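These notes concern the structure reproduced below.
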Amino acid sequence: MLSHLMNRTYACPSVCSALMSQADMVLLLDRREQVDRVVLAADPGTQTGWALLLRTNDGGVVPVASWILGRRSEKKAGALVPARAPTFVDQLALVRDVCAFCSEEFPAPVIVCEDWFAGPNPNTVRDVVSQFYFIQAAADAAGLTFRAVHNQTWKKSYLGRGNMKTADALVAYSAKGYEAHGVERWGAVTASRPGLSDDCAALGIGHWWMESETT
C-alpha cells in the first residue's frame, strides 16, 4: 500500500519518506477500525512539506509517510540552481493519491495547513501564500475538509516557543522528528543549512492538530 504513495513522480522535484514499515502497516490494517482520524498536514512554501498521520481511538498518533514537493534556490559548485515550486497540479496529485490510499481502508483525510502570515520578506510571503491557496483549492477539488493552523500557535505547543526564528524552528522540529523516526536528512539540519526538512514541519503541524483540534 505504501509503495504506491512513495513511488509517485511529480513534475516538480520531490522527496518521499515512509515513516512506518510495510510490516507495521499490515499490523495497523488488522485494527483499522480503531483509526478515527486521518490528517494530511502541510507546511506551504517553495518547498512544501507534507505528512500523513493517523489517530487511533486511544489517542495515539501514527505517522505514515511524508513528502517534500518543490525546491528552494541553492548554490552548487558556484552556480545558482533556481527554485522550482510545486504547481497546483502537483499539490492536487498528492492529495488525490492520499485520498485513494485512504479510501481502501481509512476515513477521508482532513487537510491541515499552516496559515500564511505577513513576514519581512515579500518574496517569501508571496511564495507561501501561493502554495497555501493551491493546497486549499486542492482540498476543495477533492471534497475534503480544510483547516488553517496559526503559525505561532502550533509551534508554541509543539516546540515550547511560538516566536522562534524560522531557522531555529527548522532545527528544533527536525531534531524532534529525527529522534522519533530516524529519517537521516532530518538529523543533518542546521540553522545555516536547513536542507530538506519541510516535511518535518508538516509532521509537527499534523501531530499538534490531532492532539488539539482547536481550529
Side-chain angles (χ1 to χ4, degrees), residues 1-10 14-44 48-69 90-115 134-150 153-155 157-159 173 176-183 186 198-215:
M1 295 183 66
L2 282 176
S3 59
H4 172 69
L5 289 177
M6 296 294 97
N7 294 333
R8 159 69 93 134
T9 300
Y10 298 90
S14 63
V15 175
C16 307
S17 298
L19 301 179
M20 69 184 306
S21 68
Q22 292 285 359
D24 288 337
M25 177 57 75
V26 170
L27 291 174
L28 181 63
L29 287 173
D30 287 342
R31 57 188 186 97
R32 58 184 174 271
E33 69 280 355
Q34 296 180 25
V35 173
D36 72 346
R37 176 70 81 196
V38 179
V39 159
L40 182 59
D43 178 43
T48 295
W50 286 95
L52 175 62
L53 305 96
L54 311 178
R55 188 182 66 199
T56 56
N57 293 333
D58 60 6
V61 176
V62 182
V64 175
S66 70
W67 299 261
I68 294 175
L69 299 185
D90 292 320
Q91 303 287 21
L92 180 59
L94 192 152
V95 168
R96 284 180 168 165
D97 279 352
V98 171
C99 283
F101 168 81
C102 291
S103 67
E104 298 179 5
E105 310 290 353
F106 302 113
V110 175
I111 304 292
V112 177
C113 185
E114 182 177 83
D115 207 347
F134 282 170
I135 293 166
Q136 185 177 37
D140 290 342
L144 300 177
T145 299
F146 177 87
R147 293 288 181 264
V149 173
H150 187 267
T153 301
W154 80 268
K155 286 181 182 176
S157 175
Y158 190 67
L159 301 178
Y173 48 65
K176 195 162 185 174
Y178 180 73
E179 181 181 359
H181 304 288
V183 177
W186 292 348
D198 301 85
D199 53 341
C200 204
L203 183 71
I205 292 165
H207 196 286
W208 172 82
W209 193 83
M210 281 227 180
E211 290 188 336
S212 63
E213 292 203 32
T214 56
T215 59

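When a residue number appears, it is its place in the shown sequence, counting from 1. Since the structure is predicted, the reported quantities are computational estimates derived from the model, not experimental observations.
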Could you tell me whether a side-chain N or O of R32 sits under 3.5 Å from a main-chain N or O of E105, the two making a donor and an acceptor?
no
Nearest heavy-atom neighbours spanning [X] and [Y]:
X	Y	value
A202	A41	O-CB, 3.3 Å
L53	M210	O-CE, 3.0 Å
I135	T48	CD1-CG2, 4.0 Å
I205	A42	CD1-O, 3.6 Å
S17	D199	OG-OD2, 4.4 Å
V35	L28	CG2-CD1, 4.2 Å

Approximate separation, where rounding is to 0.5 Å, of [X] [atom1] and [Y] [atom2]:
X	Y	atom1	atom2	value
L52	L19	CG	CG	9.0 Å
L40	F146	CG	CZ	11.0 Å
R37	W209	CZ	CH2	4.5 Å
L92	D97	CG	CG	9.5 Å
Y10	L94	OH	CG	3.5 Å
M25	L54	CE	CG	6.5 Å

V98 pairs by side-chain contact (heavy atoms from CB on, under 4.5 Å) with which of I111, L5, L144, V38?
L5
Show your working on side-chain contact (heavy atoms from CB on, under 4.5 Å) between L69 and Q91 and close with a plain yes or no.
CA-CA 8 Å; L69 299 185; Q91 303 287 21; 3.5 Å; yes
List the steps, then state whether side-chain contact (heavy atoms from CB on, under 4.5 Å) holds for W186 with L203.
CA-CA 12 Å; W186 292 348; L203 183 71; 4.1 Å; yes
Show your working on side-chain contact (heavy atoms from CB on, under 4.5 Å) between D198 and W67 and close with a plain yes or no.
CA-CA 8 Å; D198 301 85; W67 299 261; over 6 Å; no
Chi angles and distances behind the side-chain contact (heavy atoms from CB on, under 4.5 Å) call for H150, D115:
CA-CA 5 Å; H150 187 267; D115 207 347; 5.6 Å; no
Hey, does C102 have a side-chain heavy atom less than 4.5 Å from the side chain of P107?
no
With a sphere of 6.0 Å drawn around CZ of R96, does it hold more than 12 non-hydrogen atoms of other residues, nucleotides or ligands?
no
